[in-house]
Amino acid sequence: MSTLHAPVLAWYDANQRDLPWRRPEASAWSVMVSEFMLQQTPVARVLPVWEQWMERWPTPADLAAESTGEAVRMWGRLGYPRRALRLHGAATAIAEQHDNVVPADYDDLLALPGVGDYTAAAIASFAYGRRHVVLDTNVRRVFARAVSGVEFPTTSPTRAERDLASDLVPDDAPTAATWAVAVMELGALVCTAKEARCGECPIAQECAWLTAGRPAYDGPPRKGQAWDGTDRQCRGRLMAVLRGSEGPVHVTSLVTAWERTDQRERCIDSLLADGLMVRAGDETYALP
DNA sequence: CATGCGTGGAA
DNA sequence: TTTCCAAGCAT
């Protein structure tokens, strides 16, 4: 039992947010939907969309019965709309191969589209109380500071980092599941990327980074994502046009949304290839 | 393993 | 205003 466990668990008990997918009555499916939406998207923006999704599609089969285009439309402005396609694909697989029940087994989860190591561990842990190493960006940052004494983790998890996180997972499954969500919550609320609120931290006494005097980040420069003029911006504009229209849109609407011809056509091609858009007619496009 | 993939709020 | 970045995944 690490000296970190008791203070982190006590802090979580007193400070956890009341999020709907954490309530006792939350279904495994609702947990899964939340995990997809929370991949790179803040909680505040996920909340209203999650509510709509759960009301409209309370089980995987309900979503699987709809077109992928409806999933993309309901996804709204959460960003990375391919996640909506993958969630639809995962729902279809669950309805057809798992009797409409979200799997509890890590490997079964990992086989679903849009489910990687983090999401598989998170669903198994949060929805079913299984014992897993749940390693997201929050957890990685907390361990980087508290244990390794550096301000930010590396770009991708190293073997040593995974082993360290594994060693810290409590032995019994229920405590392990609470530990996972508790460390995540600490990283989300206190030990954040923008500001480490060490005065509020339950493990400040044990923190290697704080003890070392909060040394400045010394690793390779972390490059931000380019945006202006990128294909991502272009694709976002085109998708916004489709989402905003009841039916098919004429190509002239897409030209208005993005004038540069070569880039627009490349992005239309990529959206068609991704399955986010379909040709509805000679000069019209629509959601799938 | 580095890169591409949306969006908008906060500092 | 600009910059940063928020529970990753697939390739």
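Residue numbers start from 1 in every chain, and the chains themselves are labelled A, B, ... in the order their sequence lines are given, proteins ahead of strands. Computed from a prediction, not measured in an experiment: that's the story for all the values here.
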**Q.** Atom pair distance, as rounded to whole Å: OH in A/Y12 and C1' in C/dA7
**A.** 12 Å
Q) Going 5' to 3' along DNA chain B, which nucleotides are the first and last within contact of chain A (any atom under 4.0 Å from a heavy atom)? A) B/dT3 to B/dG8
Q: Using the C1' atoms only, state how far B/dG8 lies from C/dT1, rounded to an integer number of Å.
A: 15 Å
Q.
Side chains of A/S270 and A/R235: any donor to acceptor distance under 3.5 Å?
A. yes
Between the protein and nucleotides 8-11 of chain C, list the N/O to N/O atom pairs that are separated by less than 3.5 angstrom.
residue: C/dG8; atom: OP2; partner: A/Q40; partner atom: N; Å: 3.4
residue: C/dG8; atom: OP2; partner: A/Q40; partner atom: NE2; Å: 3.0
residue: C/dG8; atom: O3'; partner: A/T119; partner atom: OG1; Å: 3.4
residue: C/dC9; atom: OP1; partner: A/G116; partner atom: N; Å: 2.8
residue: C/dC9; atom: OP1; partner: A/T119; partner atom: N; Å: 3.0
residue: C/dC9; atom: OP1; partner: A/T119; partner atom: OG1; Å: 2.5
residue: C/dA10; atom: OP1; partner: A/G114; partner atom: N; Å: 2.6

Q. Any Lys/Arg nitrogen of A/R56 or A/D62 sitting under 4.0 Å from an Asp/Glu carboxylate oxygen of the other?
A. no
Q.
Looking at every heavy atom in both A/V139 and A/M184, which two are closest together, and how far apart are they?
A. CG2-CG, 3.3 Å
**Q.** Spacing of A/R141 atom CZ relative to C/dA7 atom C1', expressed in whole Å
**A.** 11 Å
Q.
Quick check on A/E195: does its CD atom have over 12 non-hydrogen neighbours (other residues, nucleotides or ligands) under 6.0 Å away?
A. yes
Q.
From CZ of A/R232 over to P of C/dC5, roughly how many Å is that when rounded to an integer?
A. 14 Å
Q. Rounding to the closest angstrom, what is the interatomic distance between B/dC1 and C/dG8 at atom C1'?
A. 15 Å
Q) When rounded to the nearest Å, what value does the distance between C1' atoms of B/dC5 and C/dC5 take? A) 15 Å
Q.
Between A/D231 and A/Q263, is the side chain to side chain donor-acceptor pair (under 3.5 Å) condition met? List the steps.
A. CA-CA 7 Å; A/D231 284 6; A/Q263 188 176 29; 2.9 Å; yes
Q: Over all heavy atoms of both residues, which pair between A/V102 and A/I123 is shortest? Give the atoms and the distance, please.
A: CG1-CG2, 4.0 Å
Q: With heavy atoms under 4.0 Å as the rule, sort A/W75 into base, sugar-phosphate or nothing.
A: nothing
Q: Report which part of the nucleic acid A/R22 touches: base, sugar-phosphate, or nothing (heavy-atom distance under 4.0 Å, all strands).
A: base
Q) Contact class for A/A193 vs. all strands (heavy atom < 4.0 Å): base, sugar-phosphate, or nothing? A) sugar-phosphate
Q | Closest non-hydrogen atom pair, A/R243 against A/R77 | A | NH2-CG, 3.9 Å
Q: Using the P atom on both, measure C/dT3 against B/dG6 and round to a whole Å.
A: 22 Å
Q: Would you give the length of the straight line joining atom CH2 of A/W21 to atom CE of A/M32, rounded to the nearest 0.5 angstrom?
A: 15.5 Å
Q) Any sub-3.5 Å donor-acceptor pair from A/T41's side-chain atoms to A/L78's backbone N or O? A) yes
Q.
Taking any heavy-atom pair under 4.0 Å as a contact, classify A/L19: base, sugar-phosphate, or nothing.
A. base
(Q) Within the 4.0 Å heavy-atom criterion, would you say A/R266 contacts the bases, only the backbone, or no part of the nucleic acid? (A) nothing
